[in-house]
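Following: one structure in structure tokens, then a few remarks.
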Number of protein chains: 2
Amino acid sequence: MRVGELSRRSGVSVPSIKYYLREGMLPAGERTGPNQADYGEDHVRRLRLVRALLDVGGLSVAAAKEVLAAVDGDVPLYEALGAAQDAVVTVPGGVSDEAAAEARAKVDGLVARRGWRVTEANPGRRAAADVLATYARLGWPQFGEAIDDYAAAMEQLAAREVESVLSGTDGGGRERAVEGAVTGTVLGGSLLLALRVMAQADASARLLGADPSDKFTTDS
Amino acid sequence: MRVGELSRRSGVSVPSIKYYLREGMLPAGERTGPNQADYGEDHVRRLRLVRALLDVGGLSVAAAKEVLAAVDGDVPLYEALGAAQDAVVTVPGGVSDEAAAEARAKVDGLVARRGWRVTEANPGRRAAADVLATYARLGWPQFGEAIDDYAAAMEQLAAREVESVLSGTDGGGRERAVEGAVTGTVLGGSLLLALRVMAQADASARLLGADPSDKFTTDS
DNA sequence: ACTATCGGATAGTGAGACTATCTATAACAG
DNA sequence: CTGTTATAGATAGTCTCACTATCCGATAGT
């Protein structure tokens, strides 16, 4: 098929397809002439993946590009998984104060307690420490105490997610396995946050909505 | 203090402070002359909160503005909590196909199973359904099956988070309670994702790294 | 033959988040 | 009291990002 049909099939405008081609997120079609190319089902699937990463996963084009490079590259699965994980955490430039050092120590302690095998450079380390340091700087150090509960919950889910990717792709080939790993990692994060929002709404309805005292609705 | 010192104390550049003032995210200082104003500790704290929401929470200025409006406004706590929740989920414009309908039904089923009291308009509903629909469209429907596990985990955490905000702010006044709710909701999301990344790295190290067969490192 | 479409290159657009400049002041050091 | 620096507020400029639009000389299909 040519670009017009690819556009119709994928719901992505022709200019956007050209843009993704330029950015190397979509492989070029098979050339059939000096100014003609042929696209296949793979291109349709890839385009859908691109839009999923951008729209649902909330990745930037640059982040999606790196993730897709890992999918296409000849890297082992765990490395592609790492690329996807890097893409979902925001790591702002960090200041180095007392709160930061303390936060890093807390994260190190957690990792040791749980026996997690994570490298020193794992972006989750920095990101988690950043949040803890920020809690402390804002005067909410107690929010950081829930970190063990968070970690226990994530450990369970992560084990299941990784298993799911492996079992669901047995025999599907490397490319498909990597695609699944990346999809699950990126979109799974969005799913998690969405469910957390609902769970919080429920929790606050139970703890506040059902209580007619309006304890916190006015200045005390 | 004047704007220069406020800048030094908060680590935010003077032009940026002026920008936040213009956007209404930072209240104006007390005027002491036609071109002089005085800022206090509240301004320093607010500025830190703004940067936390933007840098650590990953919110856009527009989203942060809405959250802060809820903090300042005379709304009940659960409503401010709702504003913060709205800010952390991305809700792209949705298509209406078979996958979308099925996904919505699955989310409705989940909500019913868990007895969650969430409104029809809760953004988490749409966001969760979007992810499930995308899984299906990409050919990974099995990833959606973990939704009950995700939900159970989030239910536990959310209950603890909401409790933590309430108990930690007893007597602190409405403003402080709302600030805590917002901070915990927004930054907690980042913390969760950071820990998930580490947990996944650990899980894949256990399931793949320890296995020397390199099962997925080459095309099969 | 003729019109719609194509691939590819280049340039333009609109939103978002600042950043710079300008204009009167006002504070302060010598 | 005078020169330097800082200030509030307004307006305009910048830079990045993620597209869009426009051209061009070929095809493709009728």
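Letters A, B, ... are given to chains in the order of the sequence lines, protein chains preceding strands, and every chain is numbered from 1. Here the structure is a predicted model, which is why all the values come from computation and not from measurement.
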Interatomic distance where [atom1] belongs to [X] and [atom2] belongs to [N] [whole Å]:
X	N	atom1	atom2	value
B/Arg31	C/dT25	CZ	C1'	12 Å
B/Asn35	C/dT25	CG	P	8 Å
A/Met1	C/dC6	CE	C1'	15 Å

To the nearest 10°, let me know how far the axis at one end of the helix from C/dA1-D/dT30 to C/dG30-D/dC1 is tilted from the axis at the other, five pairs an end.
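Comparing the first five pairs with the last five, the axes sit 10° apart.
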Counting only heavy atoms not in B/Glu79, do more than 12 sit closer than 6.0 Å to its CD atom?
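Yes - once you tally the heavy atoms of other residues, nucleotides and ligands closer than 6.0 Å, there are more than 12.
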How would you give the extent of chain A contacts on DNA chain D, as first and last nucleotide 5' to 3' within a 4.0 Å heavy-atom cut-off?
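For DNA chain D, the relevant span reads D/dA18 to D/dA28.
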Give the residues of residues 38-53 of chain B touching DNA chain C, defined as any heavy atom closer than 4.0 Å, sorted by residue number.
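Contacts with DNA chain C under 4.0 Å: none.
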Tell me which of B/Arg2 and A/Arg2 sits closer to the 5' end of DNA chain D, going by the nucleotide each one is nearest to.
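Of the two residues, B/Arg2 wins.
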Name the residue closer to the 5' end of DNA chain C, choosing between B/Gln36 and A/Val3 according to the nucleotide with the nearest heavy atom.
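Closer to the 5' end of DNA chain C: A/Val3.
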Determine, for nucleotides 9-17 of chain C in 5'-to-3' order, which nucleotides have protein heavy atoms under 4.0 Å from the base (write B), from only the sugar-phosphate (write S), or from neither (write -).
-B------B
Cationic N near anionic O, under 4.0 Å, A/Asp38 to A/Arg2
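Not counted as a salt bridge, because no side-chain N and carboxylate O are separated by less than 4.0 Å.
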Heavy atoms only, 4.0 Å cut-off, all strands: where does B/Pro34 land among base, sugar-phosphate and nothing?
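The answer is sugar-phosphate, as B/Pro34 gets under 4.0 Å only of primed atoms, P, OP1 or OP2.
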Any base atoms under 4.0 Å from A/Gly33, or only sugar-phosphate, or nothing? Heavy atoms, all strands.
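Since no nucleic acid heavy atom lies under 4.0 Å of A/Gly33, the category is nothing.
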Just to verify, what does A/Tyr20 make a ring-ring contact (aromatic ring centres under 6.0 Å, His included) with, not counting sequence neighbours?
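Not a single residue meets the ring-ring contact (aromatic ring centres under 6.0 Å, His included) criterion with A/Tyr20.
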Which pair of non-hydrogen atoms, one from A/Ala70 and one from A/Val75, has the smallest distance, and what is that distance?
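Here A/Ala70 and A/Val75 meet closest at O-CG2, 3.5 Å.
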How would you list all residue pairs meeting side chain to side chain donor-acceptor pair (under 3.5 Å) that involve residues 58-72 of chain B, not counting sequence neighbours?
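Only B/Glu23-B/Lys65, B/Arg46-B/Asp72 qualify under side chain to side chain donor-acceptor pair (under 3.5 Å).
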Phosphate oxygens OP1/OP2 of C/dC18: is one of them under 4.0 Å from a side-chain N or O of B/Ser13?
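For C/dC18, neither OP1 nor OP2 has a side-chain N or O of B/Ser13 closer than 4.0 Å.
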